[in-house]
There are 2 protein chains.
Amino acid sequence: MSITIKDISKRLGISVSTVSKALNGYPDVSEGTRERILEMARELDYHPNLAAQSLRRGRTGKIGLLINNPLSFISEYIAEIISGAALTAEQQGNNLVLYTTAVTHPDEIRRICRAREVDGLMIIFSPEPDVVGVLERENMPFIVFGRRVEQPGVSFVAPDNWAGAYALTQHLITQGHTRIGFTTRPILGTVSDDRFAGYQKALADADISFNPDLVVETTIEERSGYKAMNRFLDMAEPPTAVFTFYDLMAVQALDAAHDRGLRVPEEIAVAGFDGLRSSLITKPRITTVQQPLNLMGRRAMELLFTRIKDNAQPSVSEIFPVELIIRQSTRYQLEN
Amino acid sequence: MSITIKDISKRLGISVSTVSKALNGYPDVSEGTRERILEMARELDYHPNLAAQSLRRGRTGKIGLLINNPLSFISEYIAEIISGAALTAEQQGNNLVLYTTAVTHPDEIRRICRAREVDGLMIIFSPEPDVVGVLERENMPFIVFGRRVEQPGVSFVAPDNWAGAYALTQHLITQGHTRIGFTTRPILGTVSDDRFAGYQKALADADISFNPDLVVETTIEERSGYKAMNRFLDMAEPPTAVFTFYDLMAVQALDAAHDRGLRVPEEIAVAGFDGLRSSLITKPRITTVQQPLNLMGRRAMELLFTRIKDNAQPSVSEIFPVELIIRQSTRYQLEN
DNA sequence: CCTTGACACGAAAACGTTTTCGTTGTAATG
DNA sequence: CATTACAACGAAAACGTTTTCGTGTCAAGG
């Protein structure tokens, strides 16, 4: 049916071992035969069977991507990462394999490892500590994307959440705000913690005392931004600015303010995080902290590959600088 | 290193063939030994090596996804499809593999086929007829997503572009518009053609003569919606409503109108297509034609699987109904 | 002339499965 | 009792590679 190394071998009267060596650039094959073999391979349009190669070499050429499906509503975020990651992976002759279900089950992860389905894994946002434990025991190279994991042996790529939150809070303060609402998402651990710390530090640096009443805990649900905003606005003394957890929440917060007849930013300022397109197409446009997601996706793959080549390498992590983008939703002098 | 069928075999003193049969549910193994084998497999946490299985069975358990990278700026569109497709694939024990570069090169496609990298392929939007030819010659099951391909043997899943365009145009007409701007995208072939035909039919049914001056050809570029809108507005007799090719173009068209100080929909109405989140978060919200992308993604996988199980099956295609969603960008009686 | 070495090549094992086929032992049938 | 049938198992081939190791040839060196 399909063309194998044997076909080349037979037509040329050369052993399969020599054919294989010629194709793989081994030194112990003469120039003449090498050329005849390559020529014949071209003629037959031969391409090595991937399964056979994987079995023999012990490498699959596949990188697994663990994506938590509940987060799919921030699809633009994920898409941007994947776009970068896929590019780098494919440049190195690898391909990305998607795992979207049962990702939180350590059993499934272990199956992937034991079955040698992939050479490495990138975990987007998975908050499951169990998963990390499994990967380490199974000796599977992996990298965590999006969150800081201060655990020996764990590599990660993350945005500078602290600095982003600090810059954004500071900006709000310079706009005259002293009552700044803040949203957390405890399930995201360090992501939430770092932003919280940056927020608090900016307040402290401006001699504004931190008010725990202005902190709202949010969960993963479709309308969480709308709900959070309403909680802020229902307060006895509402904040004059709200720092939401990500752009889509800010969009919904805008809606909530609008539904109450409040003007943004005149009566309440709203800011987001991530810098996705959503933040750019609302009216008013949303002030946000932009993450270099595509770049981070590329870089994550690079780090993962160094790990795959030598899993004894020490873990490496990179924190990426983020950029505060000031737009109308927090700025009183309107323009653009 | 890793645990194989041999380990089970040795510990139990049972041949590997019997172990394999027990694990695969063959009938010719007694209940007693089957249970001992399964128990031991559990104890050792054995999982069959995927490469070996693929090699032997001739199936990889992988479905390739061909994604044209230049289209990545409509990432939400792709993400929605993938989300549905991945779900169905994984339910059947398969995983999605991403191919984002060199997808337009027939050589690369042929390599994927000859190397038996995947069991089937889903092509999102690829306008390359060469690719289809290669897949047919290589006898690789595939399905085209998003566009109608009236070619014997080609399965596809597509939205009802004709009906969507008809409904949308009709809606604009009932709002009193007679000069309705239309955008095409020739590179997308039937997608563009069908919408064009639906648009023209709706005009004809309302006894409005078709005016070719109101048709603007667009290309794949970042600001194409903004440019197209400006071309409309620069006309001697501009349209009073514009039917853009997709939501993001409508968003940009909104910007263009805003930049010229035009109110939407009072001075010019704007509509989109696809029904992505972008259409929902602008002010005014954008009238659009919603595609059931997630469902279509799931269904595409189902059809592909029937093809994989028996590639002699006749090609099947499904045209999905779309839904006109009327919002403020085209409606004079403002509410919501 | 003998040894050494480099060079070019092939035989064969190995990777971990699945599956065909043959071989037992035992029970049922005539 | 002889035959048949069946149940339960194992040997071995096969999938398509890669890689180790051995072998033969030939030239250079002593």
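Computed from a prediction, not measured in an experiment: that's the story for all the values here. Below, chain A is the first sequence line, B the second, and so on; all start at residue 1.
No option in A:L96, A:V97, A:D119 other than A:V97 meets the side chain to side chain contact (heavy atoms under 4.5 Å, CB included) test with A:K62.
In the model, B:T101 has a side-chain atom that pairs as donor or acceptor with a side-chain atom of A:E90 under 3.5 Å. B:Y99 and B:E117 form a side-chain donor-acceptor contact under 3.5 Å, judged by distance and modelled atom types alone.
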For this session: Start with the C-alpha gap between A:L121 and A:L135, add the side-chain angles, then the distance that decides, and say whether side-chain contact (heavy atoms from CB on, under 4.5 Å) holds.
Result: CA-CA 9 Å; A:L121 282 169; A:L135 294 176; 3.5 Å; yes
For this session: Kindly determine whether B:V154 and B:E136 satisfy side-chain contact (heavy atoms from CB on, under 4.5 Å), including the steps that lead there.
Result: CA-CA 9 Å; B:V154 176; B:E136 283 178 333; 3.7 Å; yes
Exercise. For A:D107 and A:R111, what are the C-alpha separation, side-chain angles and deciding distance, and is it a side-chain contact (heavy atoms from CB on, under 4.5 Å)?
Worked result: CA-CA 6 Å; A:D107 290 350; A:R111 195 193 59 73; over 6 Å; no
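Remark: B:S2 pairs with A:R116 by the side chain to side chain contact (heavy atoms under 4.5 Å, CB included) rule, at least two apart or across chains.
Between the P atom of D:dC9 and the CG atom of B:L12 lies a distance of 11 Å, rounded to the nearest Å.
In this structure, the helix from C:dC1-D:dG30 to C:dG30-D:dC1 shows an angle of 60° between the axis at its start and the axis at its end, each fitted on 5 base pairs and rounded to 10°.
If you take CZ on A:R11 and CD1 on A:I37, they are separated by 14.5 Å, rounding to the nearest 0.5 Å. Interatomic distance, B:L98 CG to B:L66 CG, rounded to the nearest 0.5 Å: 10.0 Å. We find the CG-CG distance between B:L50 and B:N95 to be 9.0 Å, quoted to the nearest 0.5 Å. For the atom pair CD1 (A:I82) and CG (A:L293), the distance works out to 11.5 Å, reported to the nearest 0.5 Å. Here the CD1-CG distance, from B:I220 to B:N68, works out to 7.5 Å after rounding to the nearest 0.5 Å. In this structure, CD in A:E43 is found 12.0 Å from CG in A:D7, a value given to the nearest 0.5 Å.
Contacts between residues 304-311 of chain B and DNA chain D, defined by a heavy-atom separation below 4.0 Å, involve no residue at all. Within residues 107-120 of chain A, no residue places a heavy atom under 4.0 Å from DNA chain C. Within residues 28-39 of chain B, no residue places a heavy atom under 4.0 Å from DNA chain C.
Aromatic ring pairs are classed by plane angle as parallel below 30°, tilted from 30° to 60° and perpendicular above 60°; the pair A:F145 and A:Y77 is perpendicular.
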Problem set entry | Contact state string [nucleotides 12-18 of chain D, B base, S sugar-phosphate only, - no protein heavy atom under 4.0 Å] | BBBBBBB
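The phosphate of C:dC9 (OP1 or OP2) has no side-chain N or O of A:S15 nearer than 4.0 angstrom.
Contact detail for A:G84 and A:R298: the closest heavy-atom pair is O-CG, 3.3 Å.
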